[in-house]
Every structure is written in structure tokens, then in C-alpha cells.
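The chains referred to below are lettered A, B, ... by the order of the sequence lines, with proteins before strands, and numbering in each begins at 1.
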Amino acid sequence: MLASQLLAPTLRGMPAEAETVSHQLMLRAGLIRQVASGMYTHLPLGFRALQKVGNIIREEMDRAGGQELLLPIVQPAEIWQESGRWDVYGPEMFRLQDRHGRHFCLGPTHEELITVLVRQEVNSYRQLPLRLYQIQNKYRDERRPRFGVMRGREFVMKDMYSFDRDAAGMEESYRILGEAYHRVFSRCGLHFRMVEADTGAIGGAVSHEFMALAASGEAEIVYCPECDYAANVEKAACHPRPAGVTAAAGTGLEAAEIVPTPGARTMAEVAAYLSLPAAQLIKTLIYQADGRLVAVLVRGDRQVNEVKLQRQLGCLDLELAPDESVTAALGCPPGYVGPVGLPAGIPVYADTEVPIIRRSAAGANREGCHYVNLEPGRDFAADVVADLRTVEAGEPCPNCGHPLEKARGIEVGQIFQLGTKYSQTLGATYTDADGGEKPVIMGCYGIGVSRTVAAIIEQRHDEKGIIWPVSAAPFAVVVVPVSEKESRQMELARRVYGLLRDQGIEAVLDDRDERPGVKFADADLIGFPYRVTVGRRTLEQGTVDVKERATGQEEAVPVDRVSGYLAEALDQGR
RNA sequence: CGGGGCGUGGCGCAGCUUGGUAGCGCGCUUGGUUUGGGACCAAGAGGCCGGGGGUUCGAAUCCCCCCGCCCCGACCA
């Protein structure tokens with residue numbers, strides 16, 4: 001490819017709209033351009049990177065027994081109504097109608113379509129197991145698109161679905177795909193971790209996410225430095241921890257009493273006012289779950305885990321109740337709500353730590369007042385006690401007891417053991433060897449392809465630009481003649497370029513009439529793994545200078561050895 | 001959806017408070033000089049100032065409505 005003909009509009013300045021490094025670099029290196037909020041055009045360089053990652057995925061999916069197919073983007077409402085998700089999916093789903101008024105959606109995912117296909121085409125155990133996948137655009141009308149292609153409303157996703165005779169088969173598919181995912185992300189040059197995950201809107205029993213570690217990641221995980229335990233904090237199970245506060249031995253428990261706490265609304269304020277550690281307080285939050293109010297109790301220094309709460313409540317919509325609703329229902333503003341004397345219609349959900357707090361304090365459901373000397377069980381009772389909080393760094397690993405550590409990550413992939421969730425509702429059954437009709441047992445496996453490209457950039461860059469791994473680089477090498485006007489340099493550059501191409505190396509010849517500084521800066525920004533410079537000096541020596549982007553190391557290589565040298569280097573970096 | 005901010009040549013911005021018909025840097029075009037880390041000189045091109053309405057002799061500037069984009073929060077791959 002000639003740089004003079006390549007549409008790679010690099011930007012010198014910093015685009016105003018980009019916050020994260022990957023977003024900035026994708027714009028500056030001319031990989032993407034925004035079309036609308038959360039929607040991007042992938043320019044040639046960006047598209048090539050996307051294809052590179054896509055092809056790695058293809059190879060690994062095929063190796064894992066997958067067969068590629070292509071499902072439509074536009075899906076009829078009927079199958080979503082059949083699975084029950086037409087109403088569940090909510091405003092995230094792009095919905096549309098055709099000229100006849102029939103309802104459709106832009107596929108946010110494809111479980112329904114694939115299950116319907118299998119329902120039609122698979123009848124016998126002899127056709128199982130089956131692993132089908134596609135690399136396709138997905139559409140989700142995100143509340144808030146962010147970070148460039150990291151959270152777009154349109155994105156490229158690889159989704160695979162496995163169909164097995166029984167649970168053991170599904171677990172085997174799941175294991176094989178988990179391994180395939182490790183291979184994919186390793187080949188992409190990512191630092192990542194497989195973590196236990198919540199199954200969210202997709203459903204199923206068991207799920208893991210693959211997190212590319214990055215400070216800018218939206219997800220938070222905990223992991224054990226000593227064993228292989230790792231989990232998304234949304235999922236990580238919590239066990240009650242003693243608050244370090246016990247009733248003094250031998251003292252009788254005093255009666256609960258209401259004390260004035262004017263102006264003390266937050267846990268920190270209440271703790272300071274009452275001179276009690278936050279861990280001894282009970283935090284009471286009023287949530288609105290599908291329109292009805294519920295009270296949620298956690299220790300004062302803990303955070304409610306809304307994913308766990310939603311799962312416990314089994315509701316579709318969950319949010320903190322607006323202040324007005326709280327005041328209307330309880331007669332006091334949110335800062336003073338507590339578990340004692342709540343209206344009968346508000347069920348109380350308590351985290352497992354709440355019952356073991358002694359001599360606690362909590363809001364009195366009266367403005368400016370809190371209870372002290374509260375004894376859970378004596379003074380109030382929860383309707384449900386469950387794990388409802390978010391794990392903290394330093395808590396013991398559930399496997400081995402070592403203190404857990406926290407990290408942030410970009411979710412690049414997630415795998416699910418779905419079981420019969422879709423095959424049951426959509427009637428995808430097969431006839432087993434014993435003649436019985438059984439639902440196929442499914443798994444599903446997603447990789448955010450566009451997001452993976454962003455994650456690679458997020459992890460591999462410096463102040464000058466992108467540092468592609470060879471495996472994902474749009475082009476492996478750029479050949480830069482220092483002066484385009486010097487015909488001998490151009491001649492040699494063309495020759496080297498030809499040698500590289502003959503060797504099957506993807507190269508760009510920077511034949512633009514630009515000063516060398518401009519070409520070097522663009523080469524660094526775009527992130528070609530190798531740069532070959534042809535200059536006056538190298539011309540005299542019969543060499544070229546080969547510079548590695550990642551290390552900055554430069555070496556003079558005789559012209560007749562360049563292609564072999566680079567072929568070898570690229571092979572090692574792959 | 002709530003809160004905040006911004007829409008002015010391709011990109012980044014100034015001008016708006018105190019209305020008088022648009023400017024800077026980069027980029028682009030042409031010519032020349034230059035060429036191992038974002039050159040220089042000269043001459044150019046390019047803007048319904050997001051859209052609509054209003055006030056005014058006159059609106060980028062003041063008022064109203066709408067749209068788009070970004071950031072923060074609650075949700076998700």
C-alpha cells in the first residue's frame with residue numbers, strides 16, 4: 001500500500017471529544033471517525049485491525065469446533081415475544097417497523113434467532129453437539145455511549161452458541177470455549193483475567209467474563225494473588241465479617257433510644273456525630289423495584305451491590321427511590337430512614353452482616369433523629385437476609401483465605417452456560433437415543449471485537465501513539481524514504497517494499513512528499529510494529545535502518561537481508 | 001432520564017458580557033527553497049457562525065423553541 005493513496009487521516013491536535021487514550025488514539029491515528037453518538041466509521045486502518053482480531057477469533061473458534069454463519073441484523077419481534085425478552089430488554093433495544101407495521105428490532109444479541117434455527121434444523125442427537133458462531137454488528141441503544149468504540153451503540157461482536165445433548169456436554173463446550181478465549185486474547189497481546197461473572201440479561205447459571213486489565217476499564221474485579229480465584233465485584237460472593245464491635249462482656253443490653261442528630265445525613269456524618277465507627281451503623285436505602293419500594297440494609301461502611309439486589313428481588317427495573325417517594329412513604333428524607341417502624345408495605349432486605357452488628361445505630365424515620373443501641377432481631381427484623389453488598393479489597397479469598405485485591409478491567413468477552421433457558425421457551429428439542437424428546441442444552445460465548453481493538457490500544461501505547469502487537473497491526477511494516485525527492489532513495493525504498501511484499505509481509509511505502517519528521521511521527525502514531533528507514537547514509541552503506549516500535553531499538557540491516565530479517569522478527573512477535 | 005458544558009472554514013479555538021455582517025493557529029491549494037523527528041518564504045481558496053422563530057435600522061452576539069455532541073450520575077458487552 002502506498003501511503004500517498006491510503007486514507008489514513010492522522011490528526012496533529014487532540015480531538016476535543018475524546019477522553020480515554022484508546023479513543024483519542026483511534027481518532028488521531030485515523031482508525032475511526034464518529035458518525036453519531038456511539039456510532040463510528042472504521043477507516044481502512046481501523047478496519048484492518050478489526051479484521052485482524054476477527055481473523056484470530058475465527059481461527060480459534062474453528063479450532064474449537066465452531067462453524068461460522070451469518071444471521072440477519074434485523075430480527076422479527078415475534079421470536080423475542082416468544083422468548084419473553086421483547087418486554088424484558090427495555091429501551092436498550094432499537095425497535096423499528098416495516099411499511100406494513102410489523103415490528104422488528106436491531107439485534108442486540110442473537111440467542112433467539114439461533115435457537116429458532118436449531119429448532120427448525122436439528123431434530124436428532126446425531127446432529128449434536130453443534131457450535132455455531134458469527135461475527136456481526138450488534139445494536140444496543142445505550143443510555144450513554146462512551147469512550148469511542150468501547151461502549152458504542154453499534155459494535156462488532158463475535159457470538160457463538162453451543163448446543164449439546166446434556167449438561168455434561170454443555171460443560172465440555174464451555175471448557176473448550178474458555179480455553180479458546182484464553183488463546184484469542186493471548187494472541188491479541190492482552191493482559192487479561194478470566195473472572196466469575198453475573199449472567200445479567202442473557203441469563204443462565206454459570207458465567208465468566210474475560211477482562212482486559214486497564215485502569216480506564218469500566219468493570220471492577222477482585223482477584224486473589226495466591227490462587228486463581230477472580231470475580232467481577234458484581235458477582236463476588238461476600239461473607240459476613242465481624243465489625244470489630246461487640247457488646248461489652250457481662251453488660252446487659254440497653255434499650256434502643258432515639259437521639260437527635262441534626263444535620264447528620266450521610267454515614268460519615270452520623271458516625272462522627274455519634275462517635276461510632278461506620279461499621280457499627282446500619283445504612284438503610286430505599287429502592288424502587290419495578291415501581292414498589294423496598295428497604296435495603298447494609299453495614300454503614302458497605303456498598304449495596306445492585307446486581308445482587310436485583311437478582312434477589314427478581315425485578316426488571318431497579319433504582320434508588322427518588323427523594324420525594326421516600327419522604328412521601330416514610331415521612332422523612334432519605335438521610336434519616338432506618339429499619340425500625342417502617343410502613344408495613346415496605347419489605348426489608350438485609351445483608352448478611354446486618355444481623356451480627358451489636359449496639360448499632362440507624363435512622364429513626366424522623367427527620368434529624370437516629371436510633372442508638374439498636375439490636376437487630378430485638379428491635380427489628382428483616383424479611384430477607386442475603387448477600388447484598390459489594391466485596392472490598394482485603395477481604396479473604398473464598399478459596400484460600402488470602403486477602404483479595406481489586407483491579408479494573410475492560411470486559412472483552414463473556415461466556416455463559418445457558419442450559420435450557422432458550423431451548424425451553426422457544427421449543428428447540430431433539431430426539432435422544434432413547435427416543436425421548438429433550439431440550440437442547442445451550443451455551444453462549446461473546447467477544448466484543450471492536451472493544452477488543454480498543455482494549456489493545458488501551459494497554460499498548462506510549463506518548464507517541466499506538467504500539468500494535470504484530471497480530472493485530474493493520475500493517476506490519478512501514479518503509480520510509482527520508483526524502484521522496486531523492487530518486488535513489490525512492491528507488492531503494494521501492495525495492496525494499498517490493499522485497500517485503502514478495503515475502504508476504506504487509507507493508508506501507510510512505511511515498512508522501514513530507515518531511516521525515518512528519519512521516520516518523522505518523523509511523524509512531526499509527527503504530528506499525530516495524531519501520532524501515534531509507535536515507536542518504538543507509539544508501540551509501542547498502543543498508544536500511546529497521547526500527548522496532550515497541551522497544552525503539554534500531555538496527556542497520558543489509559538490503560538483501562531485510563525481508564528475511566523482518567519475516568523472522570514478525571514471526572517471533574506473532 | 002437527571003445535572004453540567006459546548007455547537008463559529010477540514011481540525012483546535014477566539015469573537016458574544018458592551019449588536020455594526022468574522023478572526024487566529026494547524027491543515028488545504030499553487031510556486032519556490034528545504035529534507036534522519038511534526039520546515040521556511042510568497043500567493044491563494046474555503047464559513048446559510050447547529051436549525052427555526054422573535055427583538056432591532058442592523059444579530060455569531062440579546063430573547064424563545066428545537067436539534068446535535070461531550071462530560072458527571074444511575075444501567076450494560
| message | Any carboxylate oxygen within less than 4.0 angstrom of a Lys/Arg side-chain nitrogen, looking at A:Arg512 and A:Asp510? | response | yes
| task | In whole angstrom, give me the gap between the P atoms of B:rA74 and B:rG68. | result | 24 Å
| said: Need the pair for B:rG73. Rule: Watson-Crick or G-U wobble, both distances under 3.5 Å, any strand; none if unpaired. | reply: B:rC1
| message | Can you tell me which residue among A:Phe185, A:Tyr223, A:Tyr181 is in a ring-ring contact (aromatic ring centres under 6.0 Å, His included) with A:Phe192? | response | A:Phe185
| task | Have a look at A:Gln34 and say if it touches a base, only the backbone sugar-phosphate, or nothing, with a 4.0 Å heavy-atom cut-off. | result | sugar-phosphate
| query | Which pairs pass side-chain hydrogen bond (donor to acceptor under 3.5 Å, both in side chains) with one or both residues in residues 310-322 of chain A, sequence neighbours excluded? | reply | A:Asp198-A:Arg311, A:Thr199-A:Arg311
| message | Counting the atoms with a prime plus P, OP1 and OP2 as sugar-phosphate, which does A:Glu17 contact under 4.0 Å by heavy atoms, base, sugar-phosphate, or nothing? | response | sugar-phosphate
| When rounded to the nearest Å, what value does the distance between P atoms of B:rG47 and B:rU8 take? | 15 Å
| message | Just the rounded figure in Å: distance from P of B:rA74 to CG of A:Leu309. | response | 15 Å
| request: Starting from P on B:rA74, measure out to CZ on A:Arg146 and report it in whole angstrom. | output: 9 Å
| request: Both distances under 3.5 Å, Watson-Crick or G-U wobble: report the partner of B:rA42, or none. | output: B:rU30
| request: Grab the CZ-C1' distance between A:Arg151 and B:rC70 for me, whole Å please. | output: 17 Å
| Distance between the P atoms of B:rG10 and B:rG51, in whole angstroms? | 13 Å
| remark: When rounded to whole Å, the CZ to P distance for the pair A:Phe94 and B:rC76 reads 17 Å
| task | Decide, yes or no, whether a salt bridge links A:Glu540 with A:Arg536 under the criterion of side-chain N to carboxylate O below 4.0 Å. | result | no
| note | pair_partner(B:rG47), Watson-Crick or wobble, both distances < 3.5 Å, evaluates to none
| field | Complement of B:rG9, any strand, by Watson-Crick or G-U distances under 3.5 angstrom | value | none
| query | In whole angstroms, how far is the P atom of B:rG73 from the CD atom of A:Glu218? | reply | 10 Å
| query | Just how far, in rounded Å, is C1' of B:rG12 from CD of A:Gln24? | reply | 14 Å
| query | Taking the same atom, P, in B:rG9 and in B:rC49, what whole-Å distance lies between them? | reply | 10 Å
| field | B:rG46 to B:rC28 separation - C1' atoms, rounded to the nearest Å | value | 9 Å
| task | Check every strand shown and say whether A:Gly152 touches a base, only sugar-phosphate, or nothing at a heavy-atom separation below 4.0 Å. | result | base
| request: For A:Tyr89 and for A:Arg143, locate the closest nucleotide of RNA chain B by heavy-atom distance; then report the residue assigned to the nucleotide nearer the 5' terminus. | output: A:Arg143
| query | Within the structure shown, what part of the strands sits under 4.0 Å from A:Glu19 by heavy-atom distance: base, sugar-phosphate, or nothing? | reply | sugar-phosphate
| message | Return a single string for nucleotides 36-43 of chain B, one symbol per nucleotide in 5' to 3' order, where B is base contact, S is sugar-phosphate-only contact and - is none, cutoff 4.0 angstrom on heavy atoms. | response | BBBB----
| field | Test side chain to side chain contact (heavy atoms under 4.5 Å, CB included) applied to A:Pro469 - qualifying residues, sequence neighbours left out | value | A:Ile456, A:Arg460, A:Ser471, A:Ala472
| Under 3.5 Å on both distances, the Watson-Crick or G-U partner of B:rU61 | none
| said: What is the distance, to the nearest angstrom, from the CD atom on A:Glu209 to the C1' atom on B:rC76? | reply: 10 Å
| note | Taken in chain and number order and not counting sequence neighbours, the residues that satisfy side chain to side chain contact (heavy atoms under 4.5 Å, CB included) with A:Arg488 are A:Leu539
| field | side-chain N/O A:Ser37 vs B:rC70 OP1/OP2, d < 4.0 Å | value | yes
| said: I need the CD-P distance between A:Glu514 and B:rC26, as an integer number of Å. | reply: 15 Å
| message | What's the gap between B:rC69 and B:rC62 when it is taken at their C1' atoms, as a whole Å value? | response | 25 Å
| message | If you compare all heavy atoms of A:Glu392 against all heavy atoms of A:Asp301, which two are closest, and at what distance to 0.1 Å? | response | OE2-O, 4.1 Å
In a table with atom names and distances, give each donor-acceptor pair under 3.5 Å that connects a side chain of residues 86-94 of chain A to protein atoms at least two apart or in another chain.
none

| query | For A:Ser450 and A:Phe147, take the nucleotide of RNA chain B holding the closest heavy atom to each; which residue's nucleotide lies nearer the 5' end? | reply | A:Phe147
| request: In whole angstrom, give me the gap between the C1' atoms of B:rG20 and B:rU29. | output: 33 Å
| task | Scan A:Ala18 against the nucleic acid and name what it touches under 4.0 Å (heavy atoms): base, sugar-phosphate only, or nothing. | result | nothing
| message | Run the side chain to side chain contact (heavy atoms under 4.5 Å, CB included) test against A:Glu59 and tell me which residues pass, sequence neighbours left out. | response | A:Arg187
| task | For nucleotides B:rG15 and B:rC6, find the distance between their C1' atoms and express it as a whole number of Å. | result | 16 Å
